[in-house]
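Nothing fancy with the numbering, it's 1 onward along the sequence. Any value given below was found using the heavy atoms of this structure, including those in side chains, with hydrogens, waters and symmetry copies removed.
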Amino acid sequence: QVQLVESGGGLVQAGGSLRLSCVASGRTFIIFAMDWYRQVPGKQRELVARITNDGRITYADSLKGRFTISKGVAKDTVYLQMNNLKPEDTAVYYCHVPAPGYNTEYWGQGTQVTVSS
């Protein structure tokens with residue numbers, strides 16, 4: 001099992017910034033990548049960004065330039081810096097670890113980000 005704990009969500013005005021954190025624990029040796037997803041009620045969960053252990057980064061095209069994913073000094077920590085936030089960024093943000101070699105995946109509990117106009 002891998003446990004994921006997110007923090008850093010909250011209420012911010014449009015144009016503001018937030019930094020989300022995710023700390024993994026448990027069988028972290030299986031981690032080869034860590035992702036951030038987000039979900040708006042009534043819509044599918046969408047990938048925001050991914051970072052692999054060797055530093056490869058992928059962003060959703062619509063978020064490039066405003067969001068930055070990074071890994072902490074501790075290997076099992078990942079951050080999402082969100083700048084120039086817009087009301088449409090309002091969502092629950094989830095930390096995710098894929099584990100296809102174990103035929104499973106892991107999700108955090110989610111952290112709410114609300115951007116007011």
Side-chain angles (χ1 to χ4, degrees):
Q1 290 278 7
V2 173
Q3 294 79 40
L4 301 170
V5 179
E6 303 105 331
S7 61
L11 173 64
V12 64
Q13 287 189 328
S17 298
L18 282 174
R19 188 194 198 203
L20 306 183
S21 301
C22 173
V23 179
S25 61
R27 300 179 69 200
T28 57
F29 63 88
I30 72 171
I31 296 174
F32 70 92
M34 295 182 75
D35 310 324
W36 285 101
Y37 278 76
R38 67 184 186 183
Q39 187 170 28
V40 175
K43 293 191 176 181
Q44 280 194 329
R45 204 168 285 189
E46 63 172 350
L47 178 66
V48 172
R50 165 174 285 188
I51 186 166
T52 64
N53 285 353
D54 59 359
R56 286 175 293 159
I57 292 173
T58 305
Y59 292 104
D61 287 341
S62 61
L63 300 175
K64 286 180 182 176
R66 294 194 299 121
F67 288 17
T68 303
I69 190 170
S70 63
K71 293 196 70 96
V73 174
K75 186 188 77 167
D76 303 320
T77 301
V78 66
Y79 302 103
L80 184 69
Q81 178 68 42
M82 305 184 293
N83 297 327
N84 190 22
L85 283 161
K86 303 176 180 181
E88 52 264 41
D89 295 318
T90 295
V92 178
Y93 286 71
Y94 295 91
C95 186
H96 173 257
V97 164
Y102 297 85
N103 198 32
T104 190
E105 59 184 344
Y106 299 97
W107 293 93
Q109 81 284 357
T111 185
Q112 176 71 46
V113 170
T114 303
V115 184
S116 63
S117 57

### ILVMFWY cluster, Phe29 and Val23 together (side-chain gap under 4.5 Å)
no
### Query
Side-chain contact, heavy-atom cut-off 4.5 Å: Asp35 with Leu47?
yes
### Query
Ala49 and Leu80: which non-hydrogen atoms are nearest, and at how many Å?
CB-CD1, 4.4 Å
### Task
Supply the atom-to-atom distance Gln3 CD to Arg27 CZ, rounded to the nearest 0.5 angstrom.
10.5 Å
### Task
Identify the heavy atoms of Ala24 and Leu4 that sit nearest to each other, and give their distance.
CB-CD2, 3.5 Å
### Query
Are the side chains of Thr111 and Val92 in touch, meaning some heavy atoms are under 4.5 Å apart?
no
### Task
Go through the steps for Tyr59 and Val48 under the test side chain to side chain contact (heavy atoms under 4.5 Å, CB included), then give the verdict.
CA-CA 6 Å; Tyr59 292 104; Val48 172; 5.8 Å; no
### Message
Using the salt bridge (Lys or Arg N to Asp or Glu O under 4.0 Å) criterion, which residues pair with Arg66? Sequence neighbours excluded.
### Response
Asp89
### Task
Report yes if some heavy atom in the side chain of Ser70 is under 4.5 Å from a heavy atom in the side chain of Gln81; otherwise report no.
no
### Query
Under the criterion salt bridge (charged side-chain N to carboxylate O under 4.0 Å, His left out), which of Glu88, Glu6, Glu46 is the partner of Arg38?
Glu46
### Message
Would a single hydrophobic cluster contain both Phe32 and Val2, if residues Ile, Leu, Val, Met, Phe, Trp and Tyr are joined by side-chain heavy-atom contacts under 4.5 Å?
### Response
no
### Query
Out of curiosity, Ile31 CD1 to Asp76 CG, how far, rounded to the nearest 0.5 Å?
5.0 Å
### Task
Check whether Leu63 and Ile57 end up in the same hydrophobic cluster, where Ile, Leu, Val, Met, Phe, Trp and Tyr are linked by side-chain heavy atoms less than 4.5 Å apart.
yes
### Query
Are the side chains of Leu20 and Trp36 in touch, meaning some heavy atoms are under 4.5 Å apart?
yes
### Query
Going by heavy atoms in the side chains, are Gln112 and Thr90 under 4.5 Å from each other?
yes
### Query
Are any of the side-chain heavy atoms of Arg50 and Pro98 separated by less than 4.5 Å?
yes
### Task
Would you verify whether the NZ or CZ of Arg45 falls within 45 degrees of the ring axis of Tyr94 while also being under 6.0 Å from that six-membered ring's centre?
yes
### Query
Looking at CG of Leu18 and CG of Asn83, how far apart are the two atoms once the value is rounded to the nearest 0.5 Å?
9.5 Å
### Message
Contact between Met82 and Tyr93 at the side-chain level, heavy atoms closer than 4.5 Å - yes or no?
### Response
yes
### Task
May I ask you to test the Lys71-Met34 pair for a side-chain heavy-atom distance under 4.5 Å?
yes
### Summary
The reported gap from OG in Ser117 to CD in Gln13 (rounded to nearest 0.5 angstrom) is 9.0 Å
### Message
Going by the rule ring pair (Phe, Tyr, Trp, His ring centres under 6.0 Å), which residues pair with Tyr37 if we only count those two or more places apart in sequence or in a different chain?
### Response
His96, Trp107
### Query
Do Ile30 and Ile51 share a hydrophobic cluster, counting only Ile, Leu, Val, Met, Phe, Trp and Tyr and linking them when any side-chain heavy atoms are less than 4.5 Å apart?
yes
### Query
Do Arg19 and Tyr79 have side-chain N/O donor and acceptor atoms under 3.5 Å apart?
no
### Message
Test: disulfide bond (SG atoms under 2.5 Å apart). Region: residues 33-87. Which pairs qualify, not counting sequence neighbours?
### Response
none
